[in-house]
Amino acid sequence: MVKHRSALERIPAYKQGAMPSTSDVVKLSSNENPFPPLASVREAVAGELERIHLYPSMAAPELTARIAKLQGVEPENIVFGAGSVEVATQLVQASAGDGDEVMFAWRSFEAYPIIAIGAGATPVQVPLTADERHDLDAMADAITDRTAIIFVCNPNNPTGATLTHAEVRAFLGRVPGDVLVVIDEAYEHFNRDAETAIGIDLYREFPNVAVLHTFSKAYGLAGLRIGYAVAQADVAANLRKVAVPFAVSALAQTAAVASLDAEAELATRIDDIVSERARVTEELRAQGWDVKDSQANFVWLRLGDDTQRVDAALTEAGVLARAFPGEGIRITIGAPEANRRALAALAGVRMEARR
């Protein structure tokens, strides 16, 4: 056997949401946007196809200028990657290594421990509160002189819970200035919490804050892989040093620019998803499920030991959700018909339990 890093034995494999094997199965396992690409975005991408024999611009000048203007920062503060998860990887590789600690709430985005261990760092998981939120006091208490980077996922994946501006600001006041705090806002467009923390506002106030955004969710570009970080110039420069060269394709850059041009049209779609989220949540509660408010494009069922049984019932009904064994199930808000099938299957589970 060839040599390999022993740390790899501790890395849990990333589990993609279950994929349909037949056309009569609905996929609600990957937090994808249920709408197809906008016509204007498809047209823009098609126009780029004849140039795919060429390398893309690593600087992404047009998109960088657009994002910098949108966020009110300088172009030097923007760094792109193949989805926000790839930018998160850059952040860890640039900030942490052997002997360092990468902290995050748990359960949160399952890539965080994978990224940490992959960089040679130690993942530090701080349990959520009983209401599925980050326990910021416990996270602050867990900081050591080895802590290099902290991820704060807002809204949190997979629970959909949010943190208020006041809570995160108070937390940042307890974090040493040499520890990078990354506010991961992959689901920001679906967030309707008026008191929520806004990453870019905290970035302006605290020099050790970086913000993660993605085009995968609200913009519906999951298949093209593009996300970005807003970070201080020195942090951004380090991210570029560890970034995979040419990871962000010209197709992705073009689609992102076209999506920014279509913000108003996309906003209508986002509103539809948020409306469906409210409907699904209300019906689940009417069925008797304990469902906390979600500010993302999914809902979370904390099921504990019952997770496998409920997931099996969903699968049997042709609904693929994202099960976390022993913990719960995350169900993406899909098209109305897909949501109806999920609700019908879960209603059947409740009826069966009453017999």
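Hydrogens, waters and symmetry mates play no part in the numbers below; they use all other heavy atoms, side chains included. When a residue number appears, it is its place in the shown sequence, counting from 1.
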### Message
Main chain of Leu251, side chain of Thr254: is a donor-acceptor contact present, judged purely on distance under 3.5 Å?
### Response
no
### Query
Val257 and Leu70: same hydrophobic cluster, using ILVMFWY side-chain contacts below 4.5 Å?
yes
### Query
Do Glu101 and Arg146 meet the salt-bridge criterion of a basic N to acidic O distance under 4.0 Å?
yes
### salt bridge (Lys or Arg N to Asp or Glu O under 4.0 Å) between Arg285 and Asp290, intermediate numbers included
CA-CA 6 Å; Arg285 287 172 176 167; Asp290 179 17; over 6 Å; no
### Task
Flag the pair Glu263 / Leu260 as yes when at least one side-chain heavy-atom distance between them is below 4.5 Å, and no otherwise.
yes
### Task
Test Leu320 against Leu314 for side-chain contact (heavy atoms from CB on, under 4.5 Å), laying out the working first.
CA-CA 7 Å; Leu320 300 180; Leu314 284 167; over 6 Å; no
#### Entry: Separation of Arg66 CZ from Ser259 OG (nearest 0.5 Å)
10.0 Å
### Message
What verdict does the side-chain contact (heavy atoms from CB on, under 4.5 Å) test give for His165 and Leu202, after you've listed the backbone C-alpha separation in whole Å, the side-chain angles of each residue and the deciding distance to 0.1 Å?
### Response
CA-CA 8 Å; His165 180 85; Leu202 294 163; 3.5 Å; yes
### Message
Within this structure, what is the NZ-OG1 distance for the pair Lys69 and Thr64, rounded to the nearest 0.5 Å?
### Response
15.0 Å
### Task
Using a strict 4.0 Å threshold on nitrogen-to-oxygen distance, state whether Glu337 and Arg340 make a salt bridge.
yes
### Query
Of Asp193, Asp184, Thr164, Thr196, which is the lone residue that meets side-chain hydrogen bond (donor to acceptor under 3.5 Å, both in side chains) with Asn154?
Thr196
#### Entry: Nearest-0.5 Å distance, CG of residue Asn156 to CG of residue Leu128
5.5 Å
### Message
Are more than 12 heavy atoms, taken from residues, nucleotides or ligands other than Arg279, located less than 6.0 Å from that residue's CZ atom?
### Response
yes
### Message
Between Asp306 and Arg309, does any side-chain N to carboxylate O distance fall below 4.0 Å?
### Response
yes
### Message
Determine whether the aromatic ring centres of residues Phe104 and Phe151 are separated by less than 6.0 angstrom.
### Response
no
### Message
Suppose we screen for side-chain hydrogen bond (donor to acceptor under 3.5 Å, both in side chains). Which residues come up paired with His213, at least two apart in sequence or across chains?
### Response
Gln71, Glu185, Tyr228
### Query
With side chains defined as the heavy atoms from C-beta onward, is the minimum distance between Val211 and Val182 less than 4.5 Å?
no
### Query
Roughly how far, to the nearest 0.5 Å, is the CD atom of Glu86 from the CG atom of Leu239?
10.0 Å
### Message
Atom CG of residue position Asp141 - does it have more than 12 heavy atoms of other residues, nucleotides or ligands inside 6.0 Å?
### Response
yes
### Task
Please check if atom OH in Tyr55 has more than 12 non-hydrogen atoms from other residues, nucleotides or ligands closer than 6.0 Å.
no
### Task
Taking all non-hydrogen atoms of both residues into account, name the closest pair between Ala317 and Arg341 and its distance.
O-NH2, 3.1 Å
### Task
To the nearest 0.5 angstrom, please state how far the CD1 atom of Ile270 sits from the CD atom of Glu265.
11.5 Å
### Task
Go through Asn238 and Lys241 one step at a time and tell me if the side-chain contact (heavy atoms from CB on, under 4.5 Å) criterion holds.
CA-CA 5 Å; Asn238 286 334; Lys241 292 178 182 178; 3.7 Å; yes
### Message
Quick one about Asn157 and Arg330 (side-chain donor to acceptor, distance below 3.5 Å, no hydrogens or angles considered), yes or no?
### Response
yes
### Query
Does the side-chain contact (heavy atoms from CB on, under 4.5 Å) test come out yes or no for Phe80 and Gln253, once each step is laid out?
CA-CA 10 Å; Phe80 292 97; Gln253 295 178 36; over 6 Å; no
### Query
Heavy-atom distance under 4.5 Å between the side chains of Thr332 and Ser30, does that happen here?
no
### Query
Distance-only, no hydrogens or angles: does the Gln295 side chain make a donor-acceptor pair with backbone N or O of Gly160 under 3.5 Å?
no
#### Entry: Nearest heavy atoms of Ser249 and Pro56, plus distance in Å
C-CB, 3.9 Å
### Task
Measure the shortest side-chain to side-chain distance between Ile200 and Val73 over non-hydrogen atoms and say whether it is less than 4.5 angstrom.
yes
### Message
In this structure, would Leu172 and Ile198 fall into the same cluster of hydrophobic residues linked by side-chain contacts under 4.5 Å?
### Response
yes
### Query
Considering all heavy atoms of both residues, which atom of Gly47 and which atom of Glu50 are nearest to each other, and what is their separation?
O-CG, 4.1 Å
### Task
With Arg322 as the cation and Phe324 as the aromatic partner, state whether NZ or CZ is under 6.0 Å from the six-membered ring centre and within 45° of the axis.
yes
### Query
Is any side-chain heavy atom of Ile331 closer than 4.5 Å to a side-chain heavy atom of Leu301?
yes
#### Entry: Stepwise side-chain hydrogen bond (donor to acceptor under 3.5 Å, both in side chains) test for Tyr187 and Asn31
CA-CA 10 Å; Tyr187 302 94; Asn31 295 341; 2.9 Å; yes
### Query
Are the side chain of Thr281 and the backbone N or O of Ala278 linked by a donor-acceptor pair below 3.5 Å?
no
### Query
What distance do Ser95 atom OG and Ile150 atom CD1 have between them, rounded to the nearest 0.5 Å?
11.5 Å
### Query
With a 4.0 Å cut-off, would you call Arg192 and Asp271 a salt bridge?
yes
### Message
Which heavy atom of Phe298 sits nearest to which heavy atom of Ser294, and what is that distance?
### Response
O-OG, 2.5 Å
### Task
Measure the shortest side-chain to side-chain distance between Asn297 and Asn33 over non-hydrogen atoms and say whether it is less than 4.5 angstrom.
no
### Query
Are any of the side-chain heavy atoms of Leu303 and Trp289 separated by less than 4.5 Å?
yes
### Task
Give the cluster check for Val41 versus Ile67: same hydrophobic cluster or not, with ILVMFWY residues linked at side-chain heavy-atom distances below 4.5 Å.
yes
### Query
Among Ile333, Asp293, Asp272, which one satisfies side chain to side chain contact (heavy atoms under 4.5 Å, CB included) with Arg277?
Ile333
### Query
Below 4.0 angstrom, N of the basic side chain to O of the carboxylate: do Lys217 and Glu188 qualify?
no
### Cluster check Val92, Leu212: I/L/V/M/F/W/Y, side chain < 4.5 angstrom
yes
## Note on the structure
Only residue of Lys292, Arg107, Arg302 satisfying salt bridge (charged side-chain N to carboxylate O under 4.0 Å, His left out) with Glu132 is Arg302
### Query
Just by modelled atom types, is the Val230 backbone N or O under 3.5 Å from a matching donor or acceptor in the Asn77 side chain?
no
### Same cluster (ILVMFWY, side-chain, under 4.5 Å), Val179 and Ile149
no
### Task
Inspect the contact between Asp137 and Arg174 and indicate whether a charged nitrogen and a carboxylate oxygen are less than 4.0 angstrom apart.
yes
### Query
Does the side chain of Leu163 come within less than 4.5 Å of Phe171's, by heavy atoms?
no
### Message
If the threshold is 4.0 Å, N to carboxylate O, is there a salt bridge linking Glu32 and Lys27?
### Response
yes
### Task
Mind telling me whether Tyr219 and Phe215 have parallel, tilted or perpendicular rings, with 30° and 60° as the class edges?
tilted
### Summary
Correct closest heavy-atom pair for Ala250 and Glu48 would be CB-OE2, 3.6 Å
### Message
Tell me whether the count of non-hydrogen atoms from other residues, nucleotides or ligands lying under 6.0 Å of CD in Glu195 goes above 12.
### Response
no
### Task
Specify the closest pair of heavy atoms between Leu28 and Ala342, including all atoms of both residues, with the distance to one decimal.
CD1-CB, 3.9 Å
